[in-house]
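See structure below.
The structure presented is a predicted model; accordingly, all values stated were derived computationally and were not measured.
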Amino acid sequence: MCGIVGIVAKSHVNQDIFDALTFLQHRGQDAAGMVTCNDGRFYLRKDNGMVRDVFRTRHMQRLIGNMGIGHVRYPTAGSSSAAEAQPFYVNSPYGIALAHNGNLTNANEIAESIFKADLRHINTNSDSEVLLNVLAHELQRLGQLVPRAEDIFYAVSQLHRRCRGGYAVLAMITGHGIVGIRDPHGIRPLCYGVRHTDTGPEYMVASESVALDAAGYQLVRDIEPGEAIYINAEGEVFTKQCAENPQLIPCLFEYVYLARPDSVMDGVSVYKARLKAGEFLAKQILEEWPEHDIDVVIPIPDTSRTAATELASMLGVKQREGFIKNRYIGRTFIMPGQQQRKKSVRQKLNPIELEFRDKNVLLVDDSVVRGTTSQQIIEMAREMGARKVYFASAAPAVRYPNVYGIDMPSATELVAHGRTDDEVGVEIGADRMIYLRLDNLIKSTQGGDIKIDQFDCSVFDGKYITGDIDDAYLARLEQARNDDEMNKKNADLVDTATATNMQSKM
């Protein structure tokens with residue numbers, strides 16, 4: 001999960017890209033980057049950290065130009081080093097910068113072909129750099145001094161043939177324009193909007209519509225699966241379907257957790273979808289546990305609040321804010337390293353004893369992944385004097401890894417993997433565990449302006465829609481995503497940097 005934004009305007013775009021990235025900060029807190037273009041030159045700033053920390057006044061003053069792209073990253077199985085912050089850049093042909101949200105499932109295979117057949121060098125472990133070199137190679141093969149829209153669309157069609165997985169991509173071609181690309185299944189989101197000014201229309205392409213809203217752009221529509229959009233430096237817009245068999249199958253977990261509630265994705269209001277999830281969850285409780293003794297419903301801030309509000313209303317039970325959130329702590333789900341996640345939970349949430357003492361409490365969260373956060377929250381509720389602590393998830397049990405760009409850990413780290421719902425409840429210390437059924441989550445997310453017949457539900461049902469995921473792939477993924485392995489890699493990086501630093505002082 002990452003956030004991307006690109007703008008073609010009539011004046012400098014640095015401030016609007018900065019503002020858009022802050023509205024997409026929930027999609028990645030590990031690194032941020034921006035590249036702008038002015039008079040045929042790129043101006044780049046990227047580094048590890050939050051948007052507000054990466055871009056200082058001195059950086060913004062250098063990021064000149066009327067078009068640019070930006071990125072916020074959180075790491076998946078790869079390194080979280082500053083070298084892998086985006087956008088990436090190649091100078092041939094034209095000069096191309098690229099930012100990417102998602103994951104290629106055949107990145108290793110493509111990287112090998114890029115080296116052996118395309119004679120291009122990959123400098124990092126990032127599949128975003130793989131995408132960049134595929135696009136650059138396909139454009140270079142055409143040999144056009146000035147790329148036309150049809151050249152770009154042909155290159156994108158070739159990219160779709162070579163690349164598999166979930167990806168939303170923004171690429172900027174020096175002095176020419178910005179290209180937006182969405183994978184043939186539409187797994188990862190991408191939309192575009194327009195802002196009318198006295199000097200003409202300006203355009204933004206972004207991961208979520210909330211980024212458009214913040215800068216006064218009006219949402220035009222989502223980029224369709226397999227489609228590419230090209231906005232040239234003069235502000236002309238070209239679109240074309242570039243995939244052979246596109247089919248809209250967006251990631252269901254986007255609506256559960258990843259997206260902001262004030263976004264609209266593929267015609268579906270994220271806020272409304274979460275309201276309906278709470279409604280269906282309440283109906284399940286009334287059907288399966290009509291004699292419940294819940295005294296109060298307490299949401300886990302922030303993404304579960306919408307579902308909890310509707311759930312409490314339908315149960316006829318009061319809702320209270322039992323936890324106060326420290327806004328300066330990042331999202332624990334996307335923090336690398338189990339120790340850092342454990343430490344951050346109690347720093348992030350502080351309970352109000354008044355709302356727990358001598359009550360039967362139903363805690364509501366958007367989902368349960370590793371179970372670490374849920375376990376500690378339940379412990380806090382008991383410490384505050386709760387008689388009983390029930391736990392409800394506004395999503396089904398997460399039992400399988402994600403391969404399309406969400407850092408779901410290895411299967412053995414998922415608390416629900418190989419466990420029943422009741423066993424999960426015992427593991428996290430709840431008196432009762434309640435999951436929203438998958439069919440109800442799907443129904444809660446359908447019914448928008450665009451008909452969505454199918455979702456990528458792989459984290460819930462283990463069915464990978466690209467059809468190229470087997471046990472061997474998942475075994476490699478588990479090894480790469482194992483927390484112990486990641487911690488060892490990070491420790492090795494620290495040791496290497498320390499040794500290098502010591503040698504430089506000798």
Side-chain angles (χ1 to χ4, degrees), residues 26 256-257 261 274 277-278 281-282 284-286 288-335 337-395 397-398 415-416 419 421-436:
H26 60 286
V256 171
Y257 176 88
R274 291 177 184 171
L281 193 55
Q284 283 183 212
I285 292 173
L286 292 173
E288 301 167 11
W289 189 22
E291 74 287 357
H292 74 80
D293 57 353
I294 301 167
D295 296 318
V296 61
V297 172
I298 295 179
I300 310 303
D302 280 318
T303 47
S304 65
R305 185 174 287 114
T306 307
T309 298
E310 191 70 7
L311 183 152
S313 175
M314 290 198 64
L315 291 183
V317 175
K318 61 186 177 182
Q319 177 193 336
R320 291 290 186 267
E321 295 294 328
F323 293 100
I324 301 302
K325 183 177 181 180
N326 181 351
R327 304 289 174 183
Y328 303 98
I329 299 293
R331 300 178 90 177
T332 53
F333 171 74
I334 61 176
M335 285 185 175
Q338 187 76 344
Q339 289 303 116
Q340 189 175 353
R341 283 189 291 270
K342 287 182 177 179
K343 181 180 178 182
S344 68
V345 175
R346 287 181 180 265
Q347 292 176 334
K348 184 175 73 169
L349 298 176
N350 193 48
I352 299 175
E353 183 177 356
L354 175 68
E355 299 299 347
F356 293 93
R357 178 68 58 186
D358 298 325
K359 296 177 182 176
N360 297 333
V361 178
L362 175 63
L363 301 178
V364 181
D365 209 349
D366 50 67
S367 57
V368 180
V369 182
R370 295 171 178 88
T372 308
T373 301
S374 307
Q375 186 178 49
Q376 292 186 67
I377 289 171
I378 290 170
E379 288 174 0
M380 284 192 280
R382 295 196 188 281
E383 290 168 4
M384 291 298 102
R387 280 200 307 264
K388 294 181 181 179
V389 182
Y390 308 121
F391 205 95
S393 167
V398 176
V415 69
R419 291 188 175 99
D421 294 357
D422 290 340
E423 288 170 342
V424 172
V426 171
E427 184 70 19
I428 65 175
D431 292 298
R432 189 177 187 123
M433 183 71 215
I434 306 155
Y435 281 108
L436 181 65

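Pairing each heavy atom of V368 with each of S393, the nearest pair is N-OG, 4.0 Å. Shortest non-hydrogen contact noted between M380 and P351 is SD-CD, 4.0 Å. For R419 against V424, the heavy-atom pair with the smallest separation is CB-CG2, 4.0 Å. Between V364 and S304, the closest heavy-atom pair is O-OG, 2.9 Å. Closest approach of E427 to V415, counting heavy atoms only: CG-CG2, 3.7 Å. Minimum heavy-atom separation, L315 to H292: CD2-NE2, 4.3 Å.
I434 has its side chain within reach of I285: a pair of non-hydrogen atoms, C-beta onward, lies under 4.5 Å apart. The shortest distance between side-chain heavy atoms of K348 and F323 does not fall below 4.5 Å. The shortest distance between side-chain heavy atoms of N326 and Q347 does not fall below 4.5 Å. When side chains are defined from C-beta on, L363 does not count as touching Y390, because their heavy atoms never get closer than 4.5 Å.
The distance from the NZ atom of K388 to the CG atom of D295 is 10.0 Å, given to the nearest 0.5 Å. Note: F356 CZ to M384 CE = 8.0 Å, rounded to the nearest 0.5 Å. In this structure, OG on S374 lies 7.5 Å from CD1 on I300, to the nearest 0.5 angstrom. Of the inter-residue distances, the one linking R274 atom CZ with T303 atom OG1 reads 6.0 Å to the nearest 0.5 angstrom. The distance from the CG atom of D431 to the CZ atom of R382 is 4.5 Å, given to the nearest 0.5 Å. Rounding to the nearest 0.5 Å places CE of M433 at 5.0 Å from CD1 of I428.
Checked against side-chain contact (heavy atoms from CB on, under 4.5 Å), D358 has the following partners two or more places apart in sequence or in another chain: R387. Under the rule for a side-chain contact (heavy atoms from CB on, under 4.5 Å), the partners of K318 that lie at least two apart in sequence or sit in another chain are V296, R320, K359. Residues that satisfy the salt bridge (charged side-chain N to carboxylate O under 4.0 Å, His left out) test with D302, not counting sequence neighbours, are R305, K325, R327.
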Self-check item: Pair I298-L362, side chain to side chain contact (heavy atoms under 4.5 Å, CB included): steps then yes or no
Solution: CA-CA 6 Å; I298 295 179; L362 175 63; over 6 Å; no
Practice problem: Could you give me the CA-CA distance, side-chain angles and deciding distance for Q319 and T309, then say whether side chain to side chain contact (heavy atoms under 4.5 Å, CB included) is met? | Solution: CA-CA 7 Å; Q319 177 193 336; T309 298; 3.0 Å; yes
Self-check item: Test log, rule side chain to side chain contact (heavy atoms under 4.5 Å, CB included), inputs V317 and V297
Solution: CA-CA 7 Å; V317 175; V297 172; 4.2 Å; yes
Practice problem: Step by step, work out the side chain to side chain contact (heavy atoms under 4.5 Å, CB included) result for T372 and V345. | Solution: CA-CA 9 Å; T372 308; V345 175; 5.6 Å; no
Self-check item: Worked check of ring pair (Phe, Tyr, Trp, His ring centres under 6.0 Å) between F391 and Y435
Solution: CA-CA 9 Å; F391 205 95; Y435 281 108; 8.8 Å; no
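Under 3.5 Å, the side chains of D365 and Y257 contain no donor-acceptor pair of N or O atoms.
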